[in-house]
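Here the structure is laid out as structure tokens; the discussion comes afterwards.
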Amino acid sequence: MNTNRLSKTLSDGLNSQMTKEAAASQIYLSYGAWADSEGYGGIANFLFRHANEERNHMTKFLEYILKRGAKVKIEAIPAPPADPTSVQDCFDKVLQSEIDNTNAIYKLVKMSFDEGDWATWNFLQWFVKEQTEEETLALNLLDKIKIAGGIKASGDALYELDRDLEKAPDEAQLAQTKTADNP
Ligand code: OFO
């Protein structure tokens, strides 16, 4: 009996999203390393914590594909883009990367809807909510840097921002402890 409950299209799509989440984690790691080397330890800490969140998202996709009886394909993770040129550029790129990810999730939601695969549609709703939160977080970062003076932000303003982000609550949790009620 065929125990695979995912179509080939959705199984390929979910596998590729799993790799995309791993790539998002690498992007945050690379921007975090850049921030630290520029002396922004607080921003680096924030970005490193977010890298863990993306890794947890990758695990959620992996667990779901396995749960539905389909095959997990672990593939090469694309290299992150070039280093940012400033803190504003870094936050701009974080927002763009989250928007790209949201669009990829929406495509999967549409695929699952078109197939009437309500289990997958339901699974993806957690990510729809998560992406809204992550885009908001990235927009808030951009607001903060704008208030600090944008590309011309002074050393003092960047120092304050760096300190604030160091203290920002750590939202990274293990994938298995995350639920729709406790994202
Ligand atoms: Fe940035 O979030 Fe994963 O999905």
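Counting starts at 1 for both ligands and their atoms, following the listed order. Bear in mind that the values here come from a model prediction, so they are computed numbers and not experimental data. Counting begins at 1 with the first residue of the sequence.
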Please check if atom OH in Y159 has more than 12 non-hydrogen atoms from other residues, nucleotides or ligands closer than 6.0 Å.
-> no
Answer yes or no as to whether an N/O/S atom of E53 is found below 2.8 Å from atom 1 (Fe) of ligand 1.
-> no
Are E166 and R163 ion-paired here, with the side-chain N under 4.0 Å from a carboxylate O?
-> no
min-distance N/O/S atom, H57 vs atom 3 (Fe) of ligand 1, resolves to ND1
State, without any angle test, whether E21 and Q17 hold a side-chain donor-acceptor pair at a distance under 3.5 Å.
-> yes
F127 heavy atoms within 4.0 Å reach ligand 1 at atoms 4 (O)
State the atom name: nearest N, O or S atom of E54 to atom 3 (Fe) of ligand 1.
-> OE1
Any heavy atom of Q131 under 4.0 Å from ligand 1? The part involved is side chain
What orientation do W34 and Y40 show, parallel under 30°, tilted 30 to 60°, or perpendicular over 60°?
-> tilted
Under 2.8 Å from atom 3 (Fe) of ligand 1, is there an N/O/S atom belonging to E21?
-> yes
Region of E98 engaging ligand 1 - heavy atom pairs below 4.0 Å = side chain
Can we say R49 and E53 salt-bridge, meaning some charged N sits less than 4.0 Å from an Asp/Glu carboxylate O?
-> no
Can you pull out the closest protein heavy atom to atom 1 (Fe) of ligand 1? Residue, atom name and distance to 0.1 Å, please.
-> E134 OE1, 1.9 Å
Going by an N to O cut-off under 4.0 Å, is there a salt bridge joining D12 and K73?
-> yes
